[in-house]
**Student:** 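Before I ask anything, let me first share the structure, which is written out below as structure tokens.
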Amino acid sequence: MSGEADRAEDGGTVEVLIPLALDQAYSYAVPPGLVLAPGDVVQVPLGPRQTVGVVWERGAGRGGNLKAVTAKLDMPPLDGALMKLVDWVAWYTLAPKGSVLALALRRPPEDGPERPKLGVRLVGAPPARMTPARARAIAAAEGGLLIAKSALAEAASVSAAVIDALVDAGTFAVEPLPREAVAAMPDPDHAAPALSEDQAAAAAALVASVRAATYGVTLLEGVTGSGKTEVYFEAVAEAVRLGRQSLILMPEIALTAQFIDRFEARFGVRPGLWHSAVTGRRRERLQAAIASGEAKVVAGARSALFLPYRDLGLIVVDEEHEAAYKQEDGVAYHARDMAVVRGRIENAPVILTSATPSLETRVNAERGRYTHLKLPERFGGRTLPTLGLVDLRQDKPPRGRWISDTLAKAMTANLEAGEQSLLFLNRRGYAPLTLCRDCGHRFQCPNCSAWLVDHRFRRALVCHHCGHVERRPHECPQCHAQESLTACGPGVERLAEEVATLFPQARGIVLSSDFPGGTERLKTELMAVASGEFDIVIGTQLVAKGHNFPGMTLVGVVDADLGLTSGDPRAAERTFQVLRQVTGRAGRGEKPGRALLQTHDPAHPVLKALVSGDPERFYAAEIAAREAAGLPPFGRLAALIVSANNQPEAEAHARALARCAEAPEGVAVLGPAEAPLAVLRGRHRMRLIVKTERGVDLQAYLRGWLARCGKPKGSVRVAVDVDPQSFL
DNA sequence: AGCACGCCGACT
DNA sequence: GTCGGCGTGCTC
């Protein structure tokens with residue numbers, strides 16, 4: 001309701017931030033009798049309707065005829081630290097403040113009391129009429145325990161109707177189930193692990209940082225299997241002992257049963273779990289438990305960063321280099337960076353863990369901004385695989401083949417020894433390009449100008465950028481020549497053909513994200529690989545991490561140069577990380593492993609650093625190269641301009657940006673082909689993603705650029721990829 | 001996010 | 001002639 005009823009004459013004014021895409025707080029009058037403080041959640045009239053908002057500050061209102069706050073909601077107020085975080089993130093990401101608030105604001109509690117779930121208990125005599133289904137249900141309820149209806153139905157493989165009938169017969173009694181604990185109290189001493197000397201030393205340092213209860217960032221570096229998780233669990237345990245809360249941020253996919261089991265084994269209970277699949281009342285209750293301080297440990301995906309912790313004593317960012325920490329739609333932020341910022345605001349220690357730290361984290365560690373803890377390479381005396389390069393200029397496979405003689409020999413030896421081999425090729429499908437032998441026509445995506453990838457299993461040409469699919473024709477659409485279409489280059493499917501010809505007796509399998517049968521089938525196949533049911537695995541990035549394959553002793557990287565040539569300023573870093581991960585798959589069991597990397601450029605610094613076995617070399621070389629070029633220590637300034645419907649305009653803007661940044665050579669324009677799927681599908685006519693690194697005053701140049709281009713405010717969306725350390 | 005205003009295509 | 005598509009703009 002609007003109009004005179006909303007207006008009030010005295011009682012002062014407040015600035016209320018509304019969780020919508022609004023950059024400013026709005027002024028409202030405070031009706032007499034209402035006392036409001038910053039952080040209070042209120043209901044306010046906005047246009048024709050009522051909305052929630054948060055009192056952001058007091059009194060700075062512009063006077064005049066203001067609408068009045070309708071009511072103060074019965075919710076815990078946002079605490080000062082969280083408000084500060086919202087302000088900071090909005091400032092830093094150039095997102096409207098209200099949008100950032102929307103990430104942090106709890107939904108007002110749903111109306112009505114929570115309906116408890118019902119369970120049944122075996123109480124009475126068996127029913128007069130017995131059936132096999134009824135007998136199963138009764139047997140499953142043996143012992144008189146209270147069981148959830150659905151769980152009982154599942155266990156006895158009967159329908160809910162059978163159970164309802166038994167309730168009517170008086171055999172079962174219905175009782176409300178106790179509410180599922182959303183965050184039980186972890187026991188810091190439930191099962192303290194036996195740590196190696198190095199692990200114990202690292203754990204002690206982390207425990208000390210938790211005790212000190214001051215902001216500071218520690219990079220905990222160690223390869224998979226070095227026990228990083230056990231080590232940071234000690235810091236979590238210490239926070240629990242001190243009665244303080246811990247946040248463990250992880251990429252969404254890492255929130256797996258495996259992690260939860262490890263946590264439960266260490267602390268006796270599950271952590272509070274926060275991710276997109278947690279919804280409704282459960283979400284609400286966990287939020288309440290976090291706000292009250294009752295939930296001591298939260299393990300969550302990036303959105304967990306904005307939860308209303310009451311007393312945050314520790315933040316852990318697991319696998320800090322993961323790209324999944326980057327949110328690109330809506331408010332664009334990097335959760336790892338914002339975690340550091342939250343740590344600063346809350347004055348809490350932050351632990352970043354990784355086997356292959358991102359360059360910016362590495363630089364921060366080297367410059368002493370972060371404490372650097374390293375765990376020795378492998379736990380339990382296992383050695384790292386030996387790495388070697390295969391020079392494809394000398395050892396050239398025949399036309400249409402991609403496995404060199406050297407690699408093939410190594411695979412044969414492995415086969416004869418009964419050991420597994422992995423062929424890594426980060427290319428899904430059969431062939432990345434299809435062309436007409438007669439006229440040279442190349443199949444291109446109508447939406448994004450990328451080449452269409454031939455998928456033979458699916459009998460289709462697929463665009464890997466936007467998802468466009470078309471049938472693979474029999475004749476050339478341009479010159480109508482018959483049987484003239486040729487596949488160019490290898491994909492995993494095509495590699496599988498080559499493997500089948502070279503090693504007809506081997507049991508091979510192709511593992512990629514488009515595995516026929518979906519993720520469930522894929523999981524069972526991964527287990528089958530782990531138990532040795534296949535001799536040769538041909539895989540994309542998917543096989544780089546996760547499952548352990550103890551019988552794998554050889555990794556062949558089919559094209560180590562792939563990814564080194566793209567315009568992405570992080571190309572070298574990404575390639576280094578993925579190659580390090582995938583080659584590390586060899587020799588995880590009893591026997592030592594080795595890896596062969598096929599390349600046309602054996603002198604490439606990334607590859608040289610890799611085979612040297614010393615990751616420091618890579619980081620040092622990368623940083624030195626940038627310094628020599630007069631660029632910021634990590635990353636060039638780069639702009640990724642994406643336009644689904646106006647490519648020339650987008651490129652013009654990129655050039656304008658380059659001029660504004662006064663670093664024309666430092667700006668790379670990447671066409672929409674490289675754009676993330678979400679962006680192309682997005683509704684925005686234009687979207688600009690600016691990637692920049694330390695040393696560039698992002699705010700200044702972007703605001704300047706917007707002004708100079710005469711772009712109206714809000715017409716360009718900006719995603720940020722820059723280390724916030726320089727602003728702290 | 002809603003909700004209004006506004007300007008171009010197929011219909012009672 | 002209107003109904004309705006969603007593009008743009010506004011909400012203290």
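Letters A, B, ... mirror the listed sequences (proteins, then strands); counts begin at 1.
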**Student:** Could you tell me if A/Arg336 and A/Ser358 have a donor-acceptor pair between their side chains, going purely by distance under 3.5 Å?
**Tutor:**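 Looking only at side-chain atoms, A/Arg336 and A/Ser358 do form a donor-acceptor pair, the distance falling under 3.5 Å.
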
**Student:** Say whether, by atom type as modelled, one donor and one acceptor occur between the side chain of A/Asp40 and the main chain of A/Val55 under 3.5 angstrom.
**Tutor:**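 Pair absent, no side-chain N/O of A/Asp40 close to backbone of A/Val55.
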
**Student:** Roughly how many Å is it from CG in A/Leu20 to P in C/dG9, rounded to a whole number?
**Tutor:**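 Going from A/Leu20 (CG) to C/dG9 (P), I get 18 Å.
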
**Student:** Classify the ring geometry between A/His441 and A/Phe443 as parallel (under 30°), tilted (30 to 60°) or perpendicular (over 60°).
**Tutor:**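 Because their plane-to-plane angle is over 60°, the rings of A/His441 and A/Phe443 count as perpendicular.
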
**Student:** Heavy atoms under 4.0 Å, any strand shown: does A/Leu22 hit a base, just sugar-phosphate, or nothing?
**Tutor:**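 Base, at least one base heavy atom under 4.0 Å.
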
**Student:** Quick one about A/Ser276 and A/Glu252 (side-chain donor to acceptor, distance below 3.5 Å, no hydrogens or angles considered), yes or no?
**Tutor:**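 Short answer, yes.
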
**Student:** Between A/Arg58 (CZ) and C/dC12 (P), how many Å, whole number?
**Tutor:**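 So the two atoms are 23 Å apart, to the nearest Å.
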
**Student:** What integer distance in Å separates A/Leu105:CG from B/dA1:C1'?
**Tutor:**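 Answer to the nearest Å: 13 Å.
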
**Student:** In whole angstroms, how far is the C1' atom of B/dA1 from the CZ atom of A/Arg49?
**Tutor:**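 After rounding, the gap between these two atoms is 6 Å.
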
**Student:** Measure from CG on A/Leu46 to P on B/dA1 and round the result to the nearest Å.
**Tutor:**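 That distance rounds to 13 Å.
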
**Student:** Using whole Å, report how far OH of A/Tyr26 lies from C1' of B/dA1.
**Tutor:**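 Between C1' of B/dA1 and OH of A/Tyr26: 12 Å.
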
**Student:** Would you mind reading off the distance between A/Lys97 atom NZ and B/dA1 atom P, rounded to a whole angstrom?
**Tutor:**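 The distance from NZ of A/Lys97 to P of B/dA1 comes to 19 Å, rounded to the nearest Å.
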
**Student:** Tell me: CG of A/Asp23 to C1' of C/dG9, nearest whole Å?
**Tutor:**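 Value for this atom pair: 16 Å.
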
